Protein chains: 2
Amino acid sequence: MPVSSASMPTKERILGAAEELFARHGFEGASLRQLTAAAGVNLAAVNYHFGSKDRLIEEVFRRRLDQLNGRRMAALQKIAGDAGTTVEDVLAAFIVPALELSHDGNGSLFMRVLARAFAEHDDTLRKFLSDNYGHVMRQFTAEFARLLPQLSKEELYWRVDLVTGALTHAMSGFGMIQRKSDVPEDRHREQTAQHLIRFAASGLKSP
Amino acid sequence: MPVSSASMPTKERILGAAEELFARHGFEGASLRQLTAAAGVNLAAVNYHFGSKDRLIEEVFRRRLDQLNGRRMAALQKIAGDAGTTVEDVLAAFIVPALELSHDGNGSLFMRVLARAFAEHDDTLRKFLSDNYGHVMRQFTAEFARLLPQLSKEELYWRVDLVTGALTHAMSGFGMIQRKSDVPEDRHREQTAQHLIRFAASGLKSP
DNA sequence: GCAGGAATCAAACGATCGTTTGAGGATACG
DNA sequence: CGTATCCTCAAACGATCGTTTGATTCCTGC
């Protein structure tokens, strides 16, 4: 499963190498020289294809988040507003697409990039993420509000923030948690999802 | 409450400015030239007093973590092994010292530095933190294990990791959550602690 | 098969990085 | 008063940063 093979177009090889090096060394820590060397392309290729390093960073996010948040929204649409929907259902709509990404290619490296973006309080990056994907969090929060009417607005924001913090932290470490070889991949993913959903649901619903 | 005034010794002025700039721009993003300019000291002072930038980073952690984890361990010793101790008590021993730090001076900036250290999967930094402060997490985990005997070792590690992730994430954002002016400082801190403890306890104890 | 845009290349740009140097100032002790 | 020690300072070190340039190669459409 190549993330940056010689047969791929230059743009995708750069994106693959960027994802890996941003995860490992941070946005400032990974230089364009390391990056283009790892991708096997010329140094000038980044500025030619993306314009600048900052635009490359945005493109790394866009490529993954478009897919991730698209799947999250699709899963949420199916259950939002329904009478039988539970907190666990909404959490599953949020978590399962992220787990699928984590176990696909070097998607788990992207989760580490995302965790870095959370830790960096960089205004430009936060604005980009908020502008492009803020509506996703608002939709999920609105559905939680419907299912947890006893919580004040303030309390709800608190708990949703704690849940996203825990999940981002946990999923950024998935590269290290290896499943036992006798458990099939999808079964392992299902167990992980159950762990996370149970934990988060208990926190959200706590009295 | 100056963090880097002209009257303070050079070493402390550097540590104060370093904490702020590392929180804002990361370890690689903050340069020694910015840092020494903000502290009002000569560029060479960092290498004279600390030896290198990496040793300065370690000293930034040491100064705060010695105090923070000292208070955590003291609070834990008082209740560890007792018959009446609850999960909430242990969580309070972990959380309250961190909240006290967050509301004291620019201690909240340090919590952001700590959140960065979590997100960076830098081996050198992780080894330093593990070598010097790993015993704290082991002690707390052991006490959780005593109070939650129904959890498997694997499940317990999972949940403790989720809790620390949520708390680190939450407390790194405390600079932005301002208390209402009609609520006294210590009352606000107490309320925040209750929020965090309730959330974490529900997650840990979830069936 | 040839013109022309797309893509790649080596090389260089000025800026900034962490670190080192050696001279000079401050301070305490004989 | 002199001297030894701690500290500060401006300046420079080589390395590396993101970006730009201009020539060269590749590929496509006529």
Side-chain angles (χ1 to χ4, degrees), chain A residues 2 4-63 113 116-117 120 122-125 128, chain B residues 2 4-63 113 116-117 120 122-125 128:
Chain A
S4 176
S5 88
S7 64
M8 302 174 76
T10 297
K11 253 181 132 170
E12 305 214 10
R13 279 201 277 164
I14 292 174
L15 285 171
E19 195 164 54
E20 172 154 356
L21 287 170
F22 287 157
R24 266 187 233 295
H25 305 114
F27 303 114
E28 310 218 36
S31 75
L32 293 186
R33 282 170 178 82
Q34 297 176 270
L35 203 155
T36 50
V41 305
N42 188 271
L43 168 61
V46 169
N47 283 278
Y48 177 80
H49 285 284
F50 297 95
S52 70
K53 185 180 183 179
D54 283 338
R55 300 260 304 278
L56 168 61
I57 293 175
E58 289 189 2
E59 215 54 43
V60 167
F61 280 100
R62 202 186 303 276
R63 182 176 67 144
V113 176
R116 275 186 187 273
E120 314 232 1
D122 178 88
D123 286 340
T124 307
L125 191 51
F128 168 78
Chain B
S4 175
S5 88
S7 64
M8 303 174 76
T10 297
K11 253 181 130 168
E12 305 213 11
R13 277 199 277 166
I14 292 174
L15 284 170
E19 194 164 55
E20 171 152 357
L21 287 171
F22 288 156
R24 268 188 234 291
H25 305 113
F27 304 114
E28 310 219 37
S31 74
L32 293 187
R33 284 171 176 81
Q34 298 177 271
L35 203 155
T36 50
V41 304
N42 188 270
L43 168 61
V46 169
N47 283 278
Y48 177 79
H49 286 283
F50 297 95
S52 69
K53 185 180 182 179
D54 284 337
R55 301 260 303 278
L56 169 61
I57 293 174
E58 289 189 4
E59 215 54 42
V60 167
F61 280 100
R62 202 185 302 277
R63 183 175 67 144
V113 176
R116 276 186 186 273
E120 316 231 1
D122 178 88
D123 287 339
T124 308
L125 192 51
F128 167 79

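Every value quoted in this text rests on a predicted model; they were computed, and no experiment measured them.
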Any residue meeting side chain to side chain donor-acceptor pair (under 3.5 Å) with B:Arg33, in chain and number order, not counting sequence neighbours: none
Atom-pair distance (CG on B:Leu35; P on C:dC17), nearest Å: 11 Å
Side-chain ion pair, B:Arg24 and B:Glu20, N-O less than 4.0 Å: yes
Straight-line distance of B:Arg116 CZ to B:Phe27 CZ, nearest 0.5 Å: 7.5 Å
Value in whole Å for how far the P atom of D:dC17 lies from CD of B:Glu28: 10 Å
Any B:Asn42 side-chain N or O less than 4.0 Å from OP1/OP2 of D:dA10: yes
Exercise: identify the closest heavy-atom pair between A:Thr36 and A:Asn42: CG2-O, 3.5 Å
Shortest side-chain distance from A:Ala44, nucleotide among D:dT20, C:dT19, D:dT19: D:dT20
Sugar-phosphate only, base, or nothing, as touched by B:Ala45 at under 4.0 Å among non-hydrogen atoms: nothing
Rounded distance in Å - CZ (A:Arg33) to C1' (C:dT16): 12 Å
Below 4.0 Å: OP1/OP2 of C:dC17 and any side-chain N or O of B:Ser31: yes
Interatomic distance, A:Tyr48 OH vs D:dT25 P [rounded to whole Å]: 17 Å
Interatomic distance, A:Phe50 CZ vs C:dA7 P [rounded to whole Å]: 12 Å
Upstream residue (5' side of DNA chain C) when B:Leu32 and A:His49 are each assigned their closest nucleotide: A:His49
Nearest-angstrom distance from the residue atom CD1 of A:Ile14 to P of C:dT8: 8 Å
Rounded distance (Å) that lies between atom C1' of D:dT19 and atom CG of A:Asn47: 5 Å
Nucleotide nearest A:Gln34 when distance is taken to its side chain, options D:dC17, D:dA10, D:dT21: D:dC17
Heavy-atom neighbours of A:Arg62 CZ exceed 12 at 6.0 Å: yes
Nearest-Å distance for atom pair NZ/C1', residues B:Lys53 and C:dT16: 12 Å
Listed nucleotide nearest any side-chain atom of B:Leu43, set C:dT8, D:dT8, C:dT19: C:dT19
Distance test, side-chain N/O of B:Thr10 to OP1/OP2 of D:dT8, below 4.0 Å: yes
